[in-house]
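Some notes on the structure that comes next.
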Protein chains: 4
Amino acid sequence: MSNAQEKRQLILDTATKLFSKYGFSKTSLDEIAAATQIAKGTVYNYFPNKEELFMAAVEQKNNEFFNILYRHIAALDSFEAKLHAFVQVPIKTAYENMPIMLESLRSMPFQYLKRLCEYRQNYRYRMLSLLKEILDLGRNQGLLNEDLASDNFCEVVLDWFLLGDSNFMVVDIEKFLERIERDHEMIIKVFLHGILKRG
Amino acid sequence: MSNAQEKRQLILDTATKLFSKYGFSKTSLDEIAAATQIAKGTVYNYFPNKEELFMAAVEQKNNEFFNILYRHIAALDSFEAKLHAFVQVPIKTAYENMPIMLESLRSMPFQYLKRLCEYRQNYRYRMLSLLKEILDLGRNQGLLNEDLASDNFCEVVLDWFLLGDSNFMVVDIEKFLERIERDHEMIIKVFLHGILKRG
Amino acid sequence: MSNAQEKRQLILDTATKLFSKYGFSKTSLDEIAAATQIAKGTVYNYFPNKEELFMAAVEQKNNEFFNILYRHIAALDSFEAKLHAFVQVPIKTAYENMPIMLESLRSMPFQYLKRLCEYRQNYRYRMLSLLKEILDLGRNQGLLNEDLASDNFCEVVLDWFLLGDSNFMVVDIEKFLERIERDHEMIIKVFLHGILKRG
Amino acid sequence: MSNAQEKRQLILDTATKLFSKYGFSKTSLDEIAAATQIAKGTVYNYFPNKEELFMAAVEQKNNEFFNILYRHIAALDSFEAKLHAFVQVPIKTAYENMPIMLESLRSMPFQYLKRLCEYRQNYRYRMLSLLKEILDLGRNQGLLNEDLASDNFCEVVLDWFLLGDSNFMVVDIEKFLERIERDHEMIIKVFLHGILKRG
DNA sequence: CATGAATGAGTATTCATTCAT
DNA sequence: CATGAATGAATACTCATTCAT
């Protein structure tokens with residue numbers, strides 16, 4: 001019964017490894033099949049094509065990551081500790097995923113690109129909610145600099161300080177650069193705040 | 001100058017545009033040749049293969065960028081204005097280049113990968129020197145928080161606050177994660193400094 | 001009668017429909033199995049391979065057709081009415097079957113091709129017998145132009161005027177063209193007889 | 001210069017032979033390339049894909065055929081001789097082409113199917129014009145049975161007596177069967193006229 | 001008997017690179 | 001130098017057939 005599920009998982013895990021290592025277009029189904037030690041045709045019994053397999057790999061990886069992050073933060077108490085974890089935990093994941101995400105944006109047919117963006121927006125939304133919770137905690141405890149409490153502060157933090165890979169989903173680069181323009185002052189402000197002498 | 005030099009430049013410019021737009025593996029020599037309006041074989045008179053052409057495109061783009069940045073900052077006076085420019089100017093470039101750099105890291109044979117890294121280290125070194133000059137200016141004017149004046153502060157700033165794409169050159173991800181571990185405290189420190197209330 | 005016979009028939013009917021619609025090579029066993037709502041492997045319990053299934057479908061369809069035609073003609077009285085029916089009834093069937101027959105001739109391994117031809121010759125023989133009966137009726141009533149009463153007149157009529165698909169079974173095209181040469185005079189004769197003014 | 005044209009022709013001729021022998025879907029590009037003794041990739045320098053190669057083969061064959069037929073008939077004098085040739089000459093071609101045409105109708109993507117139909121309609125139009133010319137000659141000489149001089153008599157002759165393969169281009173089989181219904185009386189009439197005793 | 005997962009040979013197509021002219 | 005035809009290895013995907021359960 002669960003044998004089929006197990007094999008699907010096996011293929012998915014192998015594919016995830018190879019996609020992470022070599023990227024979407026440089027990973028062939030031959031390689032995935034060989035590494036899973038099954039026939040090429042068998043892969044197609046579980047995933048209708050390469051793009052869907054890739055999508056499944058991305059989805060699984062993101063879900064795993066988010067669950068880990070959520071439990072990790074829930075186990076901590078103080079505002080500073082939670083924020084610390086929120087910054088530290090995702091970095092490795094971001095670095096591992098980013099290249100694949102980026103490359104896929106250039107390799108995938110438009111329909112998948114759209115689904116990929118939608119999926120990432122959902123992921124981004126969950127990350128923003130979590131960050132908002134943490135910052136609210138800090139704000140309630142009177143720890144936060146109030147002139148940073150603008151509506152899109154969470155977005156700026158997520159995108160710029162946490163290397164949120166959602167940036168890289170940008171398809172319309174023009175719009176993206178407009179956003180940079182808008183956010184830039186806040187980035188510089190936080191950065192200079194952070195390095196300039198107090199008093 | 002000479003006709004040959006001009007033609008080489010023409011190919012290089014076309015290739016740069018196309019590589020930037022579609023990435024390394026999704027840009028074919030057929031397209032480059034067609035866009036340059038020369039024969040495909042002619043490209044091979046100027047560049048021994050696709051990888052070398054890509055390397056040359058990267059090199060040229062970085063040089064252009066660095067020269068622009070350098071002149072821009074030299075024209076400004078105050079520490080804050082220079083730092084502001086140092087943060088703002090590269091962002092667009094970084095975003096435009098990053099995907100290509102990343103994809104190339106997965107597409108290029110090892111020999112080129114090594115050269116690519118060496119080249120990028122050189123670029124990184126020039127960026128670090130420029131940043132050091134600017135921070136020295138701030139430090140000399142007594143503006144900088146002194147407990148941030150550690151040796152590798154410039155590296156941290158370059159990599160994390162400026163989206164220095166040198167990060168993404170990481171081949172040995174283990175070593176890279178060690179470095180994250182090391183730098184992490186400083187990132188959090190600056191970030192919390194920046195967002196926490198003073199006093 | 002038995003359950004097994006019913007299931008065999010179910011598969012055969014589905015296969016016949018699909019082969020008629022999409023041709024031999026464009027109909028996959030997956031589709032046949034799905035349309036029959038049984039497992040693909042089950043088909044192989046009833047038919048040893050795709051070719052045999054196709055042969056059975058052809059055989060069944062031809063038998064059905066021949067029985068309908070025979071009964072139809074037996075119910076009519078006059079020579080002209082019978083001949084009329086003999087021309088009219090097969091046309092639709094011929095058009096529906098021809099493409100599949102043709103395609104199968106190019107798709108089937110030689111062993112099946114031979115059996116297919118043998119089978120078609122049998123069908124052709126039954127058709128010729130029926131036509132002979134009808135023409136004998138006309139001849140006996142003194143209706144037929146006697147210089148057309150040569151031995152192979154029935155063959156010519158069957159092949160050329162009734163779109164008898166047996167022509168298309170030709171494997172050895174050389175022999176077939178010889179036959180055309182032989183028959184041609186008769187075809188032209190009937191045709192010109194039919195369109196030229198009398199008197 | 002003409003070397004490219006010659007090679008294109010070589011490929012086209014080989015393809016025509018193989019398509020004629022094995023049909024569209026059972027002829028692989030590997031086989032075509034091997035039979036032409038060139039590399040598979042080379043075929044793609046001359047024809048963008050298998051369908052276009054097939055279309056080119058059909059087109060060439062039809063043009064050749066039509067030119068031969070036209071010259072042949074122009075060289076003859078009497079009405080009967082011309083009509084004789086019009087019936088006799090196309091038969092071999094029709095038999096050679098029909099199977100391929102039919103199979104392609106089941107194998108080609110819709111865009112090509114449309115082009116194929118358009119092309120065949122043009123071919124059909126040329127055949128009809130030629131037949132009209134011949135029949136006008138007969139009519140002017142008072143040779144033709146006048147109650148057959150209806151408008152669509154040429155079409156009927158072309159489709160039913162000459163095995164005009166245009167029939168087989170039928171995509172909408174319903175409409176086609178309607179046409180059979182309509183034409184049927186005329187077919188029977190000519191046929192019975194042809195075989196029944198005069199007087 | 002019924003199932004459907006596993007197989008692997010086969011197919012069209014792409015593209016970096018070579019080389020004769 | 002310039003050309004562009006020729007090459008062939010590589011790739012995603014299909015499908016008839018087998019076989020363990």
*Just the dot-bracket of DNA chain F, please: which string comes out with Watson-Crick or G-U pairs under 3.5 Å, [ ] for crossing, | for another strand?*
.||||||||||||||||||||
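- If you take CZ of C/Arg8 and P of E/dC1, they are 13 Å apart, rounded to a whole angstrom.
- Applying the ring-ring contact (aromatic ring centres under 6.0 Å, His included) rule to pairs touching residues 25-50 of chain A yields nothing, sequence neighbours excluded.
- When distances are taken from the side chain of C/Ser28 to each of E/dC1, E/dT17, F/dC15, the shortest belongs to F/dC15.
- A/Glu52 meets the salt bridge (Lys or Arg N to Asp or Glu O under 4.0 Å) test with A/Arg115; sequence neighbours excluded.
- Looking at A/Asn45, its side chain has no donor and acceptor atom pair within 3.5 Å of the base of E/dA5.
- For the pair A/Glu6 CD and E/dA5 P, the interatomic distance rounds to 14 Å; values are reported in whole Å.
- Between the side chains of A/Gln9 and A/Gln60, at least one donor-acceptor pair of N or O atoms lies under 3.5 Å.
- Taking a 4.0 Å limit (strictly below) on heavy-atom distances, residues 31-41 of chain A reaches DNA chain E at A/Ile38, A/Ala39, A/Lys40, A/Gly41.
- For C/Tyr46 and B/Ser25, each mapped to the nucleotide of DNA chain E holding its nearest heavy atom, the one lying further toward the 5' end belongs to C/Tyr46.
- With hydrogens and angles ignored, the 3.5 Å screen pairs a side-chain donor or acceptor of B/Thr27 with a backbone N or O of B/Leu18.
- When heavy atoms are screened at a 4.0 angstrom cut-off, D/Phe47 is found touching no nucleic acid atom at all.
- When all heavy atoms of D/Ile32 and D/Ala15 are compared, the closest pair comes out as CD1-CB, 4.1 Å.
- Using cut-offs of 30° and 60° on the angle between ring planes, the pair A/Phe54 and A/Phe24 is perpendicular.
- Using a 3.5 Å distance cut-off with no hydrogens or angles, the side chains of A/Lys61 and A/Ser20 do pair a donor with an acceptor.
- Rounded to an integer number of Å, the gap from C/Asp30 CG to E/dT3 C1' is 13 Å.
- One can place CG of B/Asn3 at 12 Å from C1' of F/dA2, the figure rounded to the nearest angstrom.
- Using modelled atom types, one finds no donor on one side chain facing an acceptor on the other under 3.5 Å when comparing B/Glu59 with B/Asn63.
- Judged by closest nucleotide on DNA chain E, D/Lys50 is the one of D/Lys50 and B/Glu51 placed further toward the 5' end.
- To the nearest angstrom, P of F/dC15 lies 13 Å from CG of C/Leu18.
- Residue whose closest nucleotide on DNA chain F sits further toward the 5' end, between B/Val43 and C/Leu29: B/Val43.
- Proximity of A/Thr42 to the phosphate of E/dA5: no side-chain N or O atom is located under 4.0 Å from OP1 or OP2.
- Between D/Lys7 atom NZ and F/dA6 atom C1' there is a gap of 7 Å when expressed in whole angstrom units.
- By the salt bridge (Lys or Arg N to Asp or Glu O under 4.0 Å) test, D/Lys40 is found to be paired with D/Asp30, residues two or more places apart in sequence or in another chain being considered.
- Among the nucleotides E/dA6, F/dC13, E/dT17, the one closest to any side-chain atom of A/Asn49 is F/dC13.
- Taking atom OH on B/Tyr44 and atom P on E/dA16, their separation rounds to 7 Å, with Å as the unit.
- B/Asn122 meets the side chain to side chain contact (heavy atoms under 4.5 Å, CB included) test with B/Arg126; sequence neighbours excluded.
- For the pair A/Tyr22 OH and F/dA10 P, the interatomic distance rounds to 16 Å; values are reported in whole Å.
- An OP1 or OP2 oxygen of E/dT11 is reached within less than 4.0 angstrom by no side-chain nitrogen or oxygen of D/Lys26.
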